[in-house]
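Right, one structure below, let's go through it.
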Amino acid sequence: MAEDIPLTHRRIWRIAGPIVLSNATVPLLGAVDTGVVGQMGAAAPIGAVGLGAVILATLYWIFGFLRMGTSGLTAQAHGAGNRAERAAILYRALLIAGVAGLVLIAAQGVLIHGAFLIAPASPEVETLARQYLAIRIWGAPATIGLYALMGWLIAVERSRGMVALQIWINGVNVVLDLWFVLGLGWGVPGVAVATLIAEWTGLALGLWLCREAFGPVFAEARARIADRAALRVMLDVNRDIMIRSVLLQVSFTTFIFLGAREGDVTLAANQVLLQFLEITAYALDGFAFAAETLVGQAVGARSAPAVRRASRLAMQWGFIGAGLLAAVFALFGPGIIDLMATAPEVRAEARHYLFWVVAAPLIGSAAWTYDGIYIGATLTRAMRQLMILCVGIYAIALLVLVPTLGNHGLWAALMVLNGARSVAMHLRAPEAEAKAAAA
């Protein structure tokens with residue numbers, strides 16, 4: 001069984017390595033989207049794609065609990081050797097994803113209108129962003145369903161499947177982006193159509209990669225879908241993660257919306273720099289995912305020492321990765337900015353704030369790894385409580401720093417949020433070992 005395999009650096013990398021490589025390509029999609037529309041030579045298309053993508057990310061990551069909750073619960077079932085429950089968790093998650101996606105499609109008019117009431121932009125940016133959103137929203141069931149599939153693959157150490165899925169989605173998106181926007185001249189709607197096609201074809205591939213859950217164990221697993229005890233645990237875990245995800249996404253969205261008030265050029269510059277943060281988060285998430293898998297399996301196997309070792313190894317590699325990313329951004333950041341934007345004013349503005357994204361990996365790496373540890377141990381109540389605390393600290397930082405420092409204050413407040421999360425989660429991390437010992 002997986003839990004009997006020694007916890008070594010090699011095992012961490014066997015899980016994290018492929019995920020680091022494949023996840024690093026996910027934010028490259030945003031970079032390609034930004035870079036492609038950036039070739040149009042204006043700030044408005046860049047801001048429109050960025051603003052539209054953030055609005056959708058805000059909606060979708062309300063349901064991000066499906067990836068995290070599915071991963072933690074599946075890893076524990078895998079560690080306990082319960083194959084039927086492992087498959088049933090996936091079924092439940094996919095049902096939730098389908099219903100959630102249809103609700104978002106049905107409510108798209110209200111949601112999009114409300115988003116622009118909260119975050120008004122210039123007329124040109126808003127018109128383009130509405131075109132983008134009207135197309136992308138039809139991918140909601142696929143995108144949310146992919147969260148569940150990815151969480152399941154992570155939990156059972158199917159890193160190669162994760163790589164295949166990410167490469168497919170990202171590759172299709174990039175190729176179609178270039179074709180639709182630069183080849184056919186579709187502009188911002190072309191970016192949206194490319195992503196929509198990538199999402200639905202990715203869902204089909206993901207179901208095939210998880211075909212084991214629909215094999216001989218199907219009958220027994222299907223009978224467990226409505227198991228009351230399992231449903232109660234899943235609902236509790238997902239509720240806590242959903243609240244935590246909403247708070248985190250609201251914090252991120254607030255950053256975008258406040259930046260939009262600084263004007264189209266600053267909005268576009270922030271969008272370019274956020275691609276650096278996306279690269280950081282997705283790359284370091286490889287070690288967080290390794291922690292989810294190994295800590296979850298250790299809790300399922302009732303091994304507190306394994307929880308401790310898995311947590312330590314994942315944290316060590318997270319810090320190493322953060323240092324390397326900070327060095328890359330410091331050395332090559334200006335060149336990367338130039339690749340993503342051609343407008344001189346956007347390039348100059350992005351360079352002005354570059355040092356913040358150099359510091360971001362060093363400040364936030366512990367929080368990202370602790371996310372994996374907490375999810376694997378399903379310490380979701382603690383995650384929710386700590387996020388409420390840290391968002392309160394972030395709100396105070398915004399109120400104090402933004403009026404006096406402008407966009408610099410906005411970036412400083414975001415660093416305060418990540419630093420607060422790192423410290424707060426460190427203080428309660430021993431609860432993961434205690435849960436394994438008490439299981």
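Remember, it's a predicted structure, so these values are computed and weren't measured experimentally.
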Going through the distances and angles, do Leu133 and Ile55 end up as a side chain to side chain contact (heavy atoms under 4.5 Å, CB included)? CA-CA 8 Å; Leu133 290 167; Ile55 290 171; 4.0 Å; yes
Assess the residue pair Leu231 and Asp227 against the criterion (side chain to side chain contact (heavy atoms under 4.5 Å, CB included)); give the C-alpha distance rounded to whole Å, side-chain angles, the decisive distance to 0.1 Å, and a yes or no. CA-CA 6 Å; Leu231 277 173; Asp227 179 85; 5.8 Å; no
Start with the C-alpha distance between Glu292 and Arg67, add both sets of side-chain angles, then the distance that settles side chain to side chain contact (heavy atoms under 4.5 Å, CB included), and finish with yes or no. CA-CA 11 Å; Glu292 288 179 26; Arg67 194 210 61 75; 2.8 Å; yes
Side chain to side chain contact (heavy atoms under 4.5 Å, CB included) between Leu149 and Leu203: does it pass, once the steps are laid out? CA-CA 8 Å; Leu149 295 171; Leu203 179 69; 3.7 Å; yes
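The closest side-chain heavy-atom distance from Ile337 to Leu354 is below 4.5 Å. Looking only at side-chain heavy atoms (C-beta outward), Phe319 and Leu362 stay at 4.5 Å or farther from each other. Between Val328 and Leu324, every side-chain heavy-atom pair lies at or beyond the 4.5 Å cut-off. When side chains are defined from C-beta on, Leu417 does not count as touching Ile393, because their heavy atoms never get closer than 4.5 Å. The closest side-chain heavy-atom distance from Thr74 to Leu90 is not below 4.5 Å. Gln385 has its side chain within reach of Arg428: a pair of non-hydrogen atoms, C-beta onward, lies under 4.5 Å apart. Using a 4.5 Å cut-off on side-chain heavy atoms (C-beta onward), Met425 and Met387 make no contact. A 4.5 Å side-chain heavy-atom check between Asp240 and Met383 finds every atom pair outside the cut-off.
At least one donor-acceptor pair under 3.5 Å links the side chain of Thr70 to the backbone N or O of Leu66. At distances below 3.5 Å, not a single donor-acceptor pair connects side-chain atoms of Gln108 with backbone N or O atoms of Leu104. In this structure a side-chain-to-backbone donor-acceptor pair under 3.5 Å is missing from Glu85 to Asn82. Under the 3.5 Å distance criterion, the side-chain polar atoms of Gln297 are matched with a main-chain donor or acceptor of Ala155. Judged by distance alone, with hydrogens and angles left aside, the side-chain atoms of Trp200 form a donor-acceptor pair with the main-chain N or O of Trp138 at under 3.5 Å. Asn170 places a side-chain N or O within donor-acceptor distance of the main-chain N or O of Gln166, the cut-off being under 3.5 Å. With hydrogens and angles ignored, the 3.5 Å screen pairs no side-chain donor or acceptor of Thr266 with any backbone N or O of Gly263. Counting only distance, with no hydrogens or angles, the side chain of Trp368 and the backbone of Pro361 share no donor-acceptor pair below 3.5 Å. In this structure, the side chain of Ser303 does not engage the main chain of Val299 through any donor-acceptor pair within 3.5 Å. Panel note: side chain Arg224, backbone Ala88; no donor-acceptor pair is recorded below 3.5 Å.
To the nearest 0.5 angstrom, Tyr147 atom OH is 9.5 Å from Ser245 atom OG. Note that CG of Leu274 is 9.5 Å distant from CG of Leu267, once rounded to the nearest 0.5 Å. Considering OG1 of Thr143 and CD1 of Ile169, their distance stands at 8.5 Å, rounded to 0.5 Å.
Side-chain contact of Thr201 with Trp168: a donor-acceptor pair under 3.5 Å is present, judged by distance alone. Thr293 and Glu157 form no side-chain donor-acceptor contact under 3.5 Å, judged by distance and modelled atom types alone. A donor-acceptor contact closer than 3.5 angstrom links the side chains of Asn270 and Trp411.
By the 6.0 Å contact criterion, CZ on Arg130 is enclosed, its count of non-hydrogen atoms from other residues, nucleotides or ligands being greater than 12. Within 6.0 Å of CZ on Phe355 lie more than 12 heavy atoms contributed by other residues, nucleotides or ligands.
A salt bridge is absent between Glu433 and Arg309; no separation between the charged side-chain nitrogens and carboxylate oxygens falls under 4.0 Å. Salt-bridge check for Arg244 with Asp371: passed, with a basic side-chain N closer than 4.0 Å to an acidic carboxylate O. Of the charged side-chain nitrogens involved, at least one lies within less than 4.0 Å of a carboxylate oxygen, so that Asp236 and Arg239 count as a salt-bridged pair.
Of all heavy-atom pairs spanning Ile375 and Met68, the tightest one is CG2-O, 3.1 Å. Nearest approach of Gly419 to Ile363, heavy atoms of both residues: N-CG2, 3.6 Å. The shortest heavy-atom contact between Val295 and Ile373 is CG1-O, 3.7 Å. Scanning both residues, Leu284 and Ala322, for their nearest heavy atoms gives CD2-N, 3.7 Å. Nearest approach of Leu325 to Thr280, heavy atoms of both residues: CD1-CA, 3.8 Å. Looking at every heavy atom in both residues, Gly145 comes nearest to Leu94 through O-CD2, 3.9 Å.
Among the candidates Phe329, Tyr353, Trp356, the single residue satisfying the ring pair (Phe, Tyr, Trp, His ring centres under 6.0 Å) test with Phe276 is Phe329.
Between Phe287 and Trp317, the angle of the ring planes stays under 30°, which puts this pair in the parallel group of the 30/60° scheme. Ring geometry for Tyr370 against Tyr374 counts as perpendicular: the plane angle is over 60°, on a 0 to 90° scale with 30° as the lower cut.
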